[in-house]
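Note that these values count all heavy atoms, side chains included, but never hydrogens, waters or copies made by symmetry.
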Amino acid sequence: MTEEEEESLKRKVKQVVEGDINEAEILRNGGVNKGAWTAEEDQKLAQVIAIHGAKRWKSIAAKAGLNRCGKSCRLRWLNYLRPNIKRGNISDQEEDLILRLHKLLGNRWSLIAGRLPGRTDNEIKNYWNSHLSKKMNQQSEKERRKGCKRKVNTESREEETSQERENSSNLEYDVDNLFDFSNEGPDLEWMSNFL
DNA sequence: AACAACCTCAACCGCATCAGA
DNA sequence: GTCTGATGCGGTTGAGGTTGT
């Protein structure tokens with residue numbers, strides 16, 4: 001267990017010990033508990049999923065005796081409790097892949113996450129919003145500035161590039177077909193070959 | 001030391017889509 | 001064909017942590 005994981009576990013245990021599950025709060029939310037999950041809730045949820053599988057989330061919530069909606073349980077499982085989840089430290093290779101895939105797919109986080117084993121769509125979305133979007137903005141700002149400098153000699157090049165743009169826009173492909181992963185393993189080979 | 005500003009990320013919300021009755 | 005509940009997805013929020021002044 002990494003230090004990071006250990007710290008987060010300690011925090012959760014503290015929440016339970018200190019009784020952060022506030023019953024008045026639960027009642028205010030119409031009997032549904034909201035907010036941070038406790039270690040106890042995680043444990044209950046994991047146990048029920050181990051027995052009944054990760055489907056019918058509403059009944060999972062009920063079976064686990066959690067005052068949570070099914071959606072909340074599903075999210076918790078997918079983003080946190082599911083086995084083989086990698087946490088933190090997105091590698092350079094992964095970052096590069098995210099950038100390329102985002103260029104290709106836009107904000108289709110679940111598709112992007114599908115190509116990064118152990119990563120969740122939520123994590124990638126967060127990573128993009130907090131790290132990469134800034135990076136991209138800086139990059140495009142740089143390019144914009146460069147573009148201004150070069151403006152003088154672009155007149156003749158303009159015709160050429162508009163032709164290129166037209167050609168590339170003709171290069172349409174069905175992203176959903178392209179990303180039919182049903183027969184593939186979780187390795188990155190496919191993508192590196194493709195890109 | 002105290003406070004503000006900023007950052008990160010877990011969790012929620014609303015909407016779209018799917019599947020079964 | 002349509003209704004309804006379940007599921008999936010992307011956008012957004014807010015608590016807690018970190019950094020700067």
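- As a whole-Å value, the separation of A/N89 CG from B/dT8 P is 13 Å.
- For the pair A/K55 NZ and C/dG5 P, the interatomic distance rounds to 21 Å; values are reported in whole Å.
- Among the atoms of the strands shown, only primed sugar atoms or phosphate atoms (P, OP1, OP2) are found under 4.0 Å from some heavy atom of A/G35.
- Residues A/R119 and A/Y127 have side chains not in contact (no heavy-atom distance under 4.5 Å, counting atoms from C-beta outward).
- One finds no salt bridge joining A/E41 and A/R76 here, because no Lys/Arg side-chain nitrogen approaches an Asp/Glu carboxylate oxygen to under 4.0 Å.
- Residue side chain A/K58 does not reach the base of C/dG5 through any donor-acceptor N/O pair under 3.5 Å, judged by distance alone.
- Dashed line: the shortest gap from a side-chain N or O of A/R74 to OP1 or OP2 of C/dG8 is under 4.0 Å.
- In the interface, the side chain of A/N79 is not paired with the base of B/dA11 through any donor and acceptor atom under 3.5 Å apart.
- Across the protein-nucleic acid pair, A/W37 atom CH2 and B/dA10 atom C1' stand 12 Å apart, rounded to whole Å.
- One atom, CZ of A/R119, and another, P of B/dC9, lie 11 Å apart when rounded to the nearest Å.
- Taking atom NZ of residue A/K71 and atom C1' of nucleotide C/dG8, one finds them 9 Å apart after rounding to whole Å.
- Following rounding to the nearest Å, A/K125 (NZ) and B/dA11 (P) show an atom-to-atom distance of 13 Å.
- Between the C1' atom of C/dA6 and the CG atom of A/L75 lies a distance of 15 Å, rounded to the nearest Å.
- Using a 4.0 Å cut-off, some side-chain N or O of A/S72 falls inside it from OP1 or OP2 of B/dC12.
- Rounded to the nearest 0.5 Å, atoms CG (A/D121) and CG (A/N79) are 6.0 Å apart.
- Taking atom CZ on A/R68 and atom C1' on C/dA6, their separation rounds to 19 Å, with Å as the unit.
- Residue A/N107 is classed as a sugar-phosphate contact, given heavy-atom separations below 4.0 Å to backbone atoms only.
- Ring geometry for A/W109 against A/W128 counts as tilted: the plane angle lies between 30° and 60°, on a 0 to 90° scale.
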